[in-house]
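Working notes for the structure below.
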Protein chains: 2
Amino acid sequence: MELLNRVKDSKGKKRSSKRDPEANRQLLIKATLDTIADIGVTDTSVSRICERSGLSRGMIHLHFGGKDNLLTAAAQHFSAQYYAEMDRLTDLGSDASPENRVMAVIEADLSEALLNPRSTKIWHAFRGIASSHPGIARYSSTQDHKLVETLRLAFKEIAQKNERDPNLVGDATAGTLALLEGMWVNYLTDMQGFSRRRSVDLIRRFLCGLFPGNFKL
Amino acid sequence: MELLNRVKDSKGKKRSSKRDPEANRQLLIKATLDTIADIGVTDTSVSRICERSGLSRGMIHLHFGGKDNLLTAAAQHFSAQYYAEMDRLTDLGSDASPENRVMAVIEADLSEALLNPRSTKIWHAFRGIASSHPGIARYSSTQDHKLVETLRLAFKEIAQKNERDPNLVGDATAGTLALLEGMWVNYLTDMQGFSRRRSVDLIRRFLCGLFPGNFKL
DNA sequence: ACATTAAATGGACGATCGTCCATTAGAGAC
DNA sequence: GTCTCTAATGGACGATCGTCCATTTAATGT
């Protein structure tokens with residue numbers, strides 16, 4: 001059974017599937033994330049990752065120089081994937097109202113594409129070890145990304161008229177992100193009882209309170 | 001240096017400090033939590049815990065039957081301590097207004113007694129491994145405790161007058177808890193930049209939006 | 001003082017950890 | 001084909017893991 005699936009790398013060169021360092025790198029990262037989701041970070045060992053990926057035990061040291069670097073790369077990949085999917089899901093026309101843009105972010109964050117058993121387990125696993133793992137800590141915060149600016153900008157547009165309180169926009173942004181964090185925790189804690197719709201509506205209700213007249217229904 | 005500090009157990013019997021199983025049990029739990037806060041769950045081993053506690057390596061198996069049970073006991077202890085301190089801090093007179101009771105919970109949860117580097121690291125570490133550790137999962141949720149009922153009751157009193165929306169009380173409760181979760185994450189992520197006052201005010205603002213007229217200033 | 005019972009010790013044990021490297025295998029150049 | 005270079009393998013290695021238990025130590029009862 002020697003099947004040589006043809007692959008192309010970024011430069012279009014043809015490669016056989018038997019030798020593809022980059023693909024194996026990705027394979028290891030994928031296997032790492034899957035293992036963490038399955039059995040938890042604590043039990044995620046080099047052997048287990050290799051076993052799942054189908055590659056040999058030496059590959060991790062070869063491609064990443066050690067387990068720690070692989071974990072960091074996995075966290076980075078996971079984070080990047082989240083933001084990529086978030087972008088994809090919130091790609092409304094540029095003439096969308098700020099309210100709709102905010103709600104798009106919320107609905108995306110709580111959609112099954114982003115919020116699912118696998119992602120929640122991985123996300124919280126990484127966050128749990130972040131404090132003792134500087135490399136991972138860099139990818140366990142939502143706070144310093146384009147996403148924050150998207151929200152801030154939208155809230156700024158909404159608040160424009162009555163700009164009495166200088167903290168309103170910042171609070172709306174931070175509060176929305178905090179509420180979303182809380183929803184992820186709820187999902188992790190009780191996946192059966194979790195309702196995406198109710199969660200979206202809850203956040204909408206809070207925003208409607210902050211900006212009376214907007215975010216209705 | 002043989003100092004025999006006198007201790008009394010729950011029944012008032014005198015004991016020398018050299019032999020005190022219960023005290024050693026607590027010592028192990030304490031050492032476990034401290035170790036987790038210091039170096040993370042991943043690196044928290046039986047040897048490390050014993051080293052920190054000053055007790056011998058056999059004690060964990062003797063008192064808890066294994067590492068897993070110790071971890072579970074530590075999670076349980078940590079949770080119990082949180083709720084005990086929360087009760088202590090929110091012990092207002094029973095004639096306090098519902099708004100004040102809600103704010104007391106929020107201020108307590110964000111006070112240094114409950115929200116500090118040690119507690120945040122431990123809390124998130126436990127949550128991170130909860131999905132693969134059923135014994136710990138039972139203590140990593142805020143959702144099924146007296147605290148929830150305290151909030152729900154207070155919000156119910158506040159909403160009493162205009163009870164048009166049946167979900168208002170539930171949403172206020174869940175939303176408040178979610179916001180608090182989010183604040184803990186913010187604290188973990190950036191302890192330097194975190195401000196307890198601003199966090200309290202942010203949540204108050206959201207509640208003021210939900211219940212116009214209440215939670216002012 | 002001695003016997004009895006429970007607490008505490010610390011080392012033995014096999015299993016598994018993560019790292020590293022001598023070796024093999026595959027792809028392209030010539 | 002042969003040469004060269006890199007990808008990939010899989011086992012060796014010492015360290016550490018968690019568990020268990022024979023032994024020692026301390027407190028209590030008689």
Side-chain angles (χ1 to χ4, degrees), chain A residues 2-9 11-28 31-32 35-36 39-74 129 132-133 135, chain B residues 2-9 11-28 31-32 35-36 39-74 129 132-133 135:
Chain A
E2 193 81 358
L3 43 114
L4 293 177
N5 292 326
R6 287 283 167 199
V7 206
K8 295 188 178 186
D9 67 12
K11 289 172 188 163
K13 283 189 190 170
K14 282 166 192 164
R15 286 169 166 278
S16 88
S17 67
K18 291 204 112 174
R19 275 288 186 89
D20 194 338
E22 184 52 30
N24 285 337
R25 249 188 74 100
Q26 295 301 321
L27 197 57
L28 283 173
T32 302
T35 307
I36 290 175
I39 60 177
V41 256
T42 309
D43 295 328
T44 295
S45 64
V46 168
S47 305
R48 228 86 84 141
I49 296 170
C50 292
E51 184 185 356
R52 184 181 281 260
S53 71
L55 301 173
S56 64
R57 290 178 30 70
M59 291 291 268
I60 289 179
H61 179 257
L62 176 66
H63 285 295
F64 298 92
K67 189 195 178 188
D68 271 17
N69 291 337
L70 169 57
L71 246 54
T72 304
I129 64 171
S132 53
H133 205 308
Chain B
E2 192 80 356
L3 42 115
L4 293 178
N5 292 325
R6 288 278 167 203
V7 205
K8 294 189 179 186
D9 68 9
K11 288 173 188 164
K13 283 188 190 171
K14 281 165 192 163
R15 288 170 165 278
S16 88
S17 69
K18 291 203 112 176
R19 275 288 185 88
D20 194 337
E22 184 51 30
N24 285 337
R25 247 187 76 100
Q26 295 301 321
L27 196 57
L28 284 174
T32 302
T35 305
I36 290 175
I39 60 177
V41 257
T42 309
D43 296 327
T44 294
S45 65
V46 168
S47 304
R48 229 85 84 140
I49 295 170
C50 292
E51 185 185 356
R52 183 182 282 261
S53 72
L55 300 174
S56 65
R57 290 176 32 68
M59 290 291 269
I60 289 179
H61 179 257
L62 176 66
H63 284 296
F64 298 92
K67 189 195 177 187
D68 270 16
N69 290 337
L70 170 57
L71 245 54
T72 304
I129 64 171
S132 53
H133 205 307

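It should be emphasised that the depicted structure is a prediction, and the values quoted were computed from it without experimental measurement. In what follows, chains carry the letters A, B, and so on, assigned in the order in which the sequence lines appear, proteins first and then strands, with residues in each chain numbered from 1.
Atoms CG (B:Leu28) and P (D:dG18) sit 14 Å apart, rounded to a whole Å. Separating the CG atom of B:Leu27 from the P atom of C:dA8 is a distance of 10 Å, rounded to the nearest angstrom. Rounded to an integer number of Å, the gap from B:Lys67 NZ to D:dC17 P is 8 Å. Between the CG atom of A:Leu62 and the C1' atom of C:dT23 there is a distance of 14 Å, rounded to whole Å. Separating the CG atom of B:Asp68 from the C1' atom of D:dC17 is a distance of 13 Å, rounded to the nearest angstrom. With rounding to whole Å, A:Ile49 atom CD1 is found 17 Å from D:dA8 atom C1'. Across the protein-nucleic acid pair, B:His63 atom NE2 and D:dC20 atom C1' stand 16 Å apart, rounded to whole Å. As a whole-Å value, the separation of B:Phe64 CZ from D:dT19 P is 13 Å.
One distance of note links CZ of B:Arg48 with CD1 of B:Ile36; it measures 12.5 Å at 0.5 Å rounding. B:Leu70 contributes atom CG, which lies 6.0 Å from atom CG of B:Leu28 (distance to the nearest 0.5 angstrom).
Among pairs with a residue in residues 52-63 of chain A, those fulfilling salt bridge (Lys or Arg N to Asp or Glu O under 4.0 Å) read A:Asp38-A:Arg52, at least two apart in sequence or across chains.
In this structure, A:Asn24 reaches the D:dA8 phosphate: one of its side-chain N or O atoms is under 4.0 Å from OP1 or OP2. Within the structure, a side-chain polar atom (N or O) of A:Ser47 is placed less than 4.0 Å from OP1 or OP2 of C:dC17. Remark: A:Ser45 is in phosphate contact with C:dC17, judged by side-chain N or O atoms under 4.0 Å from OP1 or OP2. Side-chain nitrogen and oxygen atoms of B:His61 include none within less than 4.0 Å of the OP1 or OP2 phosphate oxygen of C:dT9.
Of the candidates D:dG10, C:dA7, C:dG18, the closest approach to any side-chain atom of A:Ser56 belongs to D:dG10. Across C:dA8, D:dT19, C:dT19, the shortest atom-to-atom separation from the side chain of B:Val46 is found for D:dT19. With D:dA8, C:dC17, C:dT9 as the candidates, the nucleotide lying closest to the side chain of A:Arg48 is C:dC17.
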Evaluate side-chain contact (heavy atoms from CB on, under 4.5 Å) for B:Ile39 paired with A:Ser132, printing each intermediate quantity in order. CA-CA 6 Å; B:Ile39 60 177; A:Ser132 53; 5.7 Å; no
Kindly determine whether B:Thr72 and B:His133 satisfy side-chain contact (heavy atoms from CB on, under 4.5 Å), including the steps that lead there. CA-CA 9 Å; B:Thr72 304; B:His133 205 307; 3.8 Å; yes
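For C:dT19, the base has a donor-acceptor partner in the side chain of A:Arg57 [N/O atoms by modelled type, under 3.5 angstrom]. Contact of B:Arg19 with D:dA27 (side chain to base): no donor-acceptor pair of N or O atoms is detected under 3.5 Å.
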